[in-house]
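Chain letters run A, B, ... following the sequence lines, proteins first, then strands; residues in each count from 1. Below, all heavy atoms of this structure are taken into account, side chains as well, without hydrogens, waters or symmetry copies.
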Amino acid sequence: MNKFDTLNDKQKEAMFCTDGPELILAGAGSGKTKVLTHRTAYLIEEKHVNPWNIMAITFTNKAAAEMRSRVDALVGNGSEEIWVATFHSTCVRILRRFIDRIGYDNHFTIYDADDQKTVMKKIFREKNLDTRVFKERNVLAAISSAKDELIGPEEYKQQASGYGEERTAECYAVYQAELKKNNALDFDDLIVLTVRLFRTCPDVISYYQERFRYIMVDEYQDTNTAQFKLVELLAGKYKNICVVGDDDQSIYKFRGANIGNILHFEDSYPGAKVVKLEQNYRSTANILNAANEVIRNNRGRKDKHLWTSKGDGGKVKIYRYPSAVEEAKGVISEIKNAASGGDYSNFAVLYRTNAQSRLLEEKCVSFGVPYQLVGGVNFYQRKEIKDILAYLKTIANGRDDLAAMRIINVPKRGIGAAGIGRITVYAEANGLSFYDACASAVKMKVLGKSTDKVAKFTEFIENLRKKAKDMPVTDLIDEIMDKTGYREELLEEGEVEAQTRTENIEELKSKAASFENETAEDSGRDEDENGIPAGNADLTVLDRFLEEVALVSDVDRMEDGSGRVTLMTLHAAKGLEFPDVYITGMEDGLFPGNMSIAAADEGELEEERRLCYVGITRAKERLTLTWARQRMVNGETRFSDISRFLKEIPGEYTEEKDFTGDDEAYSSYGRNAEYRRKKEPDAEREYGSALPWENVPASSAPKKEKAKPPKPILFGKEFKVTKADHLEYGKGDRVRHFKFGEGTVLSIVNGSRDFEVTVDFDSHGVKKMFAGFARLEKV
DNA sequence: TCGAGAATTGTTTTT
DNA sequence: CAATTCTCGA
């Protein structure tokens, strides 16, 4: 049987349409990745399209990696020539080559949210803005939405009305100038500047139009206006653009996603072929029906109805708990029983806000359930990691003031605010970057007593700059740790602290190592062959590593098949599936959140409902929805009612259980009867400290007390999650690597963070790698 | 210059 | 209830 025959009729229809614009409306679990990969194979094998001319864009690296590996498996030769990447990494790759055409330096760095905030803070200080009125967060959010709509500072200023917006406009302009001065781009700039590049340089856009003759975009419902334009420009010549998405799964409006992109695709691309995929292959009928019932309450969606040929399966379970603590306990202990010590990777626990993860984490620890937490405090936001990265950035891009200022006194060199102030003044007077000002000020001896201290710093950086060209990043990190005294200072902080921090840095090193291993293979893949000026970026491994690190998302770091329960937000869960899913915190006020309930715009509630739909449709076989009457939020106890979304699921699909020991109250909720279609006035719901004790058994009524509680004793709790306690293979064993093929294990060193395995691969020679990354399998 | 303790904020969701 | 920012004394 031909591989294309494994598709159903609709999927085939989508696959056969190769030329011209196409919109695939792919419901949850309808096999869209399968369609995309087969379509790619079909293009290459049947239509004889050169793989070099095919591009697939996704949102996360994880999705890109999955697409890549599935295409690899399907297509024989040349699949590595296909451009599979995220929006952001696509733009970085393009900008690295050509950004000098629009006045930036090709060695730009990428600013994350923290960096943006630091810049904005500085601007607030300079402009003397009252931080009680203006919040960095809000101004940055406004700027970000402007960028999503391709609105520059000038245009924003023209449109601005009122004091607040005018101020924001000023900040926007200064912010942009500051970034440019630092030769830095924020996430939004990556897209915006690529669009600008295409618009200003006809030779560049026509080169890429010629190259990307066939374009596919995944999760199209999440694209914003800037991304829409980007795709439009790329597809401008051949119009072979195939987008896949599901308007019911659009959950990133807050980030600028424009649902109109998918709803009005046929207007933007007249004559577009539209294919609907409505057969769901993922979930059992009860789960799917529950999802359908919830989402049908939304207006303004493309009409569709998912169906499955699977059996009913178990009913959707709805659990009610007295408190969030009990909820966490109940869910985790049930998972422990269900897994009975075996594989936990079938389980996912989802929640609306990151703050909810803490309790669940605690219970995992106390029940001894292995877990992986996706999101939360990002690895790359930790102090020690940011410090090391700031060193690397200063080595790579001397114009990044933020990085240089971060480390000039880390570890302590006795250069404080006063010294930094003097350098800044000197820098501004001479039009230098912060780092260059350091170097120059040292030569001119204008810093008085701190000259020597600063000199030591610049000498160190200069020295590493020379070496950086041909020194592995791992060694660079070691050198930074040892020569600056960073390691020593870390050790002085206390044992536990030092231990975890060194481990984190070890992990960073292992990432660097595996990165270098991988890129050694495919460097130069997007080298030019058509004679266009190749751009000026002579990128070092260091540049590329920093770029890689800047663009990883939390989901990317998730491992599947790790044998652990996955804890993550509903947002992070999009695109994933698990046999057994728990959604916790199904309470009005939390999910849907108060913000969306109170919002004048009804669309906000609908977005929450889509999020609920996304959550439900992650489950393949079992789904449990839980809620708690009482939970701590921001330090105060909050009482809630069951989520309105649960009331939208008819009782025939569900099975309810109460863990509060308070039966009559529960049965009186009257779920699933008259709620649907009735517009709720929604004013009568109370929670919070207003009248809590009226809702709760007297015994647990909280005491109101003003007296300062005694100082709590804090104890550090340590979670050890990463390193496997043993490996399945040993020295001399034959193993297989997903990329390098088979080889023989030469040695295994038990490193502090992970095992370092050296393997002699049959076709790729000897490589050293960290076990966690290499994912070696014993043959 | 720098740390410890106090005060003050704050919550969606994130590439 | 944190996490972050602020203030003050050495």
Side-chain angles (χ1 to χ4, degrees), chain A residues 57-64 85-92 110-114 116-118 121 131-132 135-138 140-141 144 147-148 185-191 219 222-224 226-227 250-257 324 350-359 374-378 380-381 383 409-410 412-421 449-450 453 493 550-556 568-575 585 589-599 604 607-608 610-612 614-615 631-638 708-709 711-712 714:
Chain A
I57 305 187
T58 61
F59 272 84
T60 66
N61 293 298
K62 189 176 162 59
T86 65
F87 268 104
H88 295 274
S89 63
T90 294
C91 289
V92 171
I110 300 167
Y111 275 2
D112 66 12
D114 284 340
Q116 292 177 281
K117 213 175 147 199
T118 310
K121 259 189 191 155
T131 49
R132 258 178 266 267
K135 297 264 164 276
E136 290 97 353
R137 269 190 69 82
N138 298 339
L140 283 167
S144 175
K147 288 184 179 180
D148 289 342
L185 273 59
D186 65 20
F187 284 117
D188 301 314
D189 285 340
L190 295 175
I191 316 285
E219 306 281 13
D222 288 330
T223 51
N224 61 34
Q227 288 160 336
S250 162
I251 54 173
Y252 284 114
K253 190 167 158 217
F254 72 92
R255 200 171 76 190
L350 312 181
Y351 36 82
R352 178 67 239 266
T353 65
N354 272 309
Q356 291 167 253
S357 68
R358 193 160 257 119
L359 275 179
V374 178
V377 259
N378 193 319
Y380 292 102
Q381 289 172 231
K383 260 193 229 77
N409 199 30
V410 176
K412 304 262 144 47
R413 297 187 179 87
I415 306 168
I420 292 176
K449 58 186 172 180
S450 47
K453 302 169 185 167
E493 280 199 17
L551 296 179
V552 287
S553 72
D554 295 322
V555 223
D556 298 336
M568 63 185 160
T569 63
L570 287 150
H571 280 88
K574 195 180 58 141
L590 183 63
F591 187 33
N594 278 322
M595 301 289 232
S596 63
I597 295 174
E604 296 212 17
E607 173 130 330
E608 295 272 296
R610 288 193 291 271
L611 188 57
C612 183
V614 167
R631 118 175 18 242
M632 286 286 250
V633 177
N634 282 357
E636 60 179 18
T637 313
R638 183 152 111 178
K708 274 260 164 17
K711 195 183 167 196
L714 297 175

Report yes if the side chains of Glu604(A) and Phe254(A) come closer than 4.5 Å at any heavy-atom pair, otherwise no. no

When you measure from the side chain of Arg610(A) to the backbone N and O of Ser250(A), does any donor-acceptor pair fall under 3.5 Å? yes

Strictly distance-based, threshold 3.5 Å: is any side-chain N or O of Thr223(A) a donor or acceptor partner for the main-chain N or O of Glu219(A)? no

Between dT4(C) and dT13(B) - P atom distance, rounded Å: 14 Å

Report yes if a side-chain nitrogen or oxygen of Arg358(A) is closer than 4.0 Å to either non-bridging phosphate oxygen (OP1 or OP2) of dA3(C); otherwise report no. yes

Taking the C1' atom of each, how far is dT11(B) from dC6(C), in whole Å? 22 Å

Report which part of the nucleic acid Lys574(A) touches: base, sugar-phosphate, or nothing (heavy-atom distance under 4.0 Å, all strands). nothing

Is the shortest side-chain N/O distance from Lys412(A) to OP1 or OP2 of dG3(B) below 4.0 Å? yes

Return the minimal non-hydrogen interatomic distance between Gly256(A) and Asn224(A), and the atom names on each side. O-CB, 3.1 Å

Looking only at side chains, do Ser553(A) and Asp556(A) share a donor and an acceptor under 3.5 Å apart? yes

Contact between Leu350(A) and Met568(A) at the side-chain level, heavy atoms closer than 4.5 Å - yes or no? yes

Each nucleotide in nucleotides 10-15 of chain B should get exactly one letter: B, S or -. Can you fill that in based on protein heavy atoms under 4.0 Å? BBBBBB

